[in-house]
Structures are given as structure tokens and as C-alpha cells.
Amino acid sequence: MGKRYLLDVLETMGEHVDGLKFAGGSFTLFPEDKLRELLGIAHDHGVYISTGGFMEHLLTHADVGTVAERYLKKCKSLGFDVIELSSGFLSFPPSDWLRLVDLVHSHGLIAKPEIGIQFGAGGDTSAAELEATDSSSPEKLLQLGEQFVKAGVERMMIESEGITENVKTWRTDVIQDIMKSLPPEKVMFEAADPKVFNWYVREFGVDVNLFVDHSQIVQLSALRAGIWGMADTFGKVVSFRPHQE
């Protein structure tokens with residue numbers, strides 16, 4: 001995404017956009033001056049900026065402590081607001097994950113852990129390969145989420161793979177457990193498929209936090225406004241918020 005496209009999106013639909021996330025470590029490929037320009041445009045429109053799951057790559061380095069510190073200092077200087085912490089391809093102890101959250105916060109940045117039930121999620125792994133890998137226990141996800149809440153995490157990303165993506169049947173039971181066990185305002189669900197975000201809005205209302213592709217902003221916003229939908233939502237999504245005197 002270049003600055004002209006980003007400006008087009010934010011000048012027309014910016015009031016419906018909370019944040020902008022770079023995929024994985026894609027931001028490392030930009031010339032620094034162009035990257036700073038993109039971040040400045042987003043901030044000018046009141047949009048926060050999040051890295052993708054690049055920390056997952058950095059955790060494989062031998063001198064991980066030094067590398068992580070350098071990474072966070074650079075992200076802060078560039079103007080990033082949120083650091084995504086994912087471990088879809090790694091076996092990572094919860095206590096270490098919490099230490100990483102504290103480190104991100106110590107740099108004046110917002111930690112956004114990405115958690116899920118599918119090992120190997122977050123890349124280009126095929127559905128068949130994911131299916132051959134056992135999924136994790138939903139209870140483990142919930143316990144980790146509760147620890148993140150206690151650690152002061154503002155919001156967690158719920159990985160869609162294994163729940164609504166690359167599965168034969170959606171794990172709606174896992175989603176319902178998440179919404180019952182964790183504060184709804186502290187979770188955001190990956191939902192880059194119209195059928196998926198249609199279901200979330202139908203089930204949980206217009207305020208459910210969803211992460212979608214930039215090409216789907218209008219579609220999701222119209223669904224929340226009740227002026228678009230599928231057979232089960234069109235004309236049926238409403239809210240009651242009378243103006244306060």
C-alpha cells in the first residue's frame with residue numbers, strides 16, 4: 001500500500017478505521033522515509049499503527065535480548081504505536097511471553113499478543129498441513145488471555161486459523177468461550193472473510209472488535225450501519241443509543 005492509496009482510504013472511510021497493521025515483517029522492506037510518511041498519514045487521520053508478527057522471527061536469534069531491545073527502540077523512533085507478539089510457529093512459555101509484554105510496555109509501546117489454538121498459524125501453511133497438526137486446547141488460550149489482561153494488555157488478537165479459517169467446521173464454541181471468559185473490549189478477532197465478519201456482527205452486535213482487510217472496510221462498516229448484509233443480517237443489525245442531553 002502506497003501513500004496515495006492510503007490517503008484515498010482514510011480520506012473517505014477514515015472515521016471507520018481504528019488501526020493499520022502491516023503484514024508480518026513487510027514494513028522492513030519499505031525505504032525508511034516512505035515508511036515514516038505512511039505512518040504520519042495514518043496518525044494525521046487518528047489511526048494507530050501496528051507491526052505484524054515480526055517479533056516471532058526475532059525470537060529465533062541467538063542474542064534475542066539485544067535484538068528485541070533494538071527492534072523496539074527502532075519501532076518507537078519510527079512512530080509505531082502497537083507491537084504485535086505472535087508465536088504461531090513457536091513453542092513459547094507463557095512466562096516468557098509475559099516478560100516480552102512487559103518489555104514492550106517499558107518502551108512506551110502497546111503490546112498486542114496474538115493467540116489462537118492452531119500451531120503453524122499466521123503464514124502460508126496449507127489447510128491440509130494445518131489439519132494434520134493437532135490444535136491446542138481452548139482452555140490454554142483462555143488461561144493465557146486472562147494472564148495478559150492482568151499484565152495490562154489493552155487488546156489481544158485472536159488468530160482465525162483453526163477457528164474460522166482453514167477448518168471444515170467453524171469452532172464457534174471457542175469464540176463463545178472467549179467472549180464469556182475474557183473482557184470483550186480486550187479481544188479482536190481476525191475476520192478477513194465477509195461470511196465470518198457477518199457472523200460476528202450477527203452474534204455479538206456492532207461493537208465487536210474485528211480485524212479485516214483494507215479492501216473490506218466499506219463492506220464491514222455498512223454491515224455495522226445496517227445498510228448491507230446477508231440474508232441473516234440485512235435490515236436486522238440495529239442498536240439503541242439515543243443522544244444524551
Side-chain angles (χ1 to χ4, degrees), residues 1-55 74-86 109-114 121-124 154-161 164-165 184-202 204-230 233-234 237-239 241:
M1 179 188 293
K3 68 176 183 179
R4 295 168 187 81
Y5 179 83
L6 181 59
L7 274 170
D8 282 345
V9 170
L10 295 182
E11 286 177 353
T12 56
M13 297 298 293
E15 68 175 281
H16 304 287
V17 178
D18 296 317
L20 172 68
K21 171 189 164 181
F22 285 82
S26 60
F27 56 92
T28 65
L29 303 176
F30 285 74
E32 186 170 318
D33 60 330
K34 301 302 181 185
L35 179 60
R36 289 182 182 274
E37 191 173 13
L38 289 177
L39 271 57
I41 290 171
H43 286 150
D44 288 345
H45 287 82
V47 172
Y48 71 77
I49 309 294
S50 173
T51 67
F54 192 59
M55 182 65 83
K74 186 63 176 181
C75 286
K76 182 69 174 180
S77 72
L78 286 170
F80 279 96
D81 307 294
V82 177
I83 305 297
E84 183 169 288
L85 305 174
S86 56
L109 295 160
I110 299 170
K112 182 187 66 182
E114 182 179 42
D124 286 330
E154 183 177 307
R155 188 162 293 130
M156 294 161 270
M157 181 77 80
I158 307 299
E159 172 63 59
S160 59
E161 287 179 289
T164 59
E165 182 182 355
E185 69 277 8
K186 290 189 176 290
V187 294
M188 177 185 294
F189 296 94
E190 282 190 339
D193 181 320
K195 289 183 180 179
V196 174
F197 61 69
N198 181 82
W199 181 87
Y200 275 111
V201 172
R202 189 195 75 194
F204 303 112
V206 298
D207 292 326
V208 62
N209 291 312
L210 300 174
F211 172 63
V212 301
D213 185 77
H214 52 83
S215 65
Q216 298 166 328
I217 295 169
V218 174
Q219 199 172 3
L220 175 57
S221 301
L223 173 63
R224 293 188 195 274
I227 57 175
W228 178 88
M230 297 183 178
T233 52
F234 186 67
V237 175
V238 299
S239 59
R241 295 168 187 186

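These figures come from a predicted structure and were not determined experimentally.
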Return the minimal non-hydrogen interatomic distance between Leu38 and Gly2, and the atom names on each side. CD2-C, 3.8 Å
Residues which pass ring pair (Phe, Tyr, Trp, His ring centres under 6.0 Å) with Phe234, listed by chain and number, not counting sequence neighbours: none
For a quick test of reading the model, state the closest non-hydrogen atom pair linking Leu210 to Ala191 and the distance between them. CD2-CB, 4.1 Å
Within the 6.0 Å centroid threshold, strictly below: Phe22 and Phe30: yes
Would you check if Lys21 and Lys112 make a side-chain contact, meaning some heavy-atom pair closer than 4.5 Å? yes
May I ask you to check whether Tyr5 and His214 show a side-chain donor-acceptor distance below 3.5 Å? yes
Going through the distances and angles, do Glu154 and Val82 end up as a side-chain contact (heavy atoms from CB on, under 4.5 Å)? CA-CA 10 Å; Glu154 183 177 307; Val82 177; over 6 Å; no
Run the side-chain contact (heavy atoms from CB on, under 4.5 Å) check on Leu10 and Val47 step by step: do they pass? CA-CA 9 Å; Leu10 295 182; Val47 172; 4.0 Å; yes
Parallel, tilted or perpendicular: which describes the rings of Phe204 and Phe189, with under 30° parallel and over 60° perpendicular? parallel
Leu6/Leu20 under side-chain contact (heavy atoms from CB on, under 4.5 Å): CA gap, chis, key distance, verdict: CA-CA 10 Å; Leu6 181 59; Leu20 172 68; 4.2 Å; yes
Just wondering, do Met13 and Val218 contact through their side chains at under 4.5 Å, heavy atoms? yes
Indicate the atoms forming the closest heavy-atom contact of Tyr200 with Glu190, along with that distance. CE1-O, 4.3 Å
Check the pair Phe27 / Phe80 against side-chain contact (heavy atoms from CB on, under 4.5 Å), numbers first and verdict last. CA-CA 11 Å; Phe27 56 92; Phe80 279 96; 3.8 Å; yes
Between Glu11 and His45, is any pair of side-chain heavy atoms under 4.5 Å apart? yes
Could you check whether any side-chain heavy atom of Cys75 comes within less than 4.5 Å of a side-chain heavy atom of Ile83, counting everything from C-beta outward? yes
Closer than 4.0 angstrom, basic N to acidic O: yes or no for Arg155 and Glu84? no
Test: Arg241 and Asp207 ion pair at under 4.0 Å: yes
Rounding to 0.5 Å, atoms CD (Gln219) and CD1 (Ile217) come to a distance of 11.5 Å
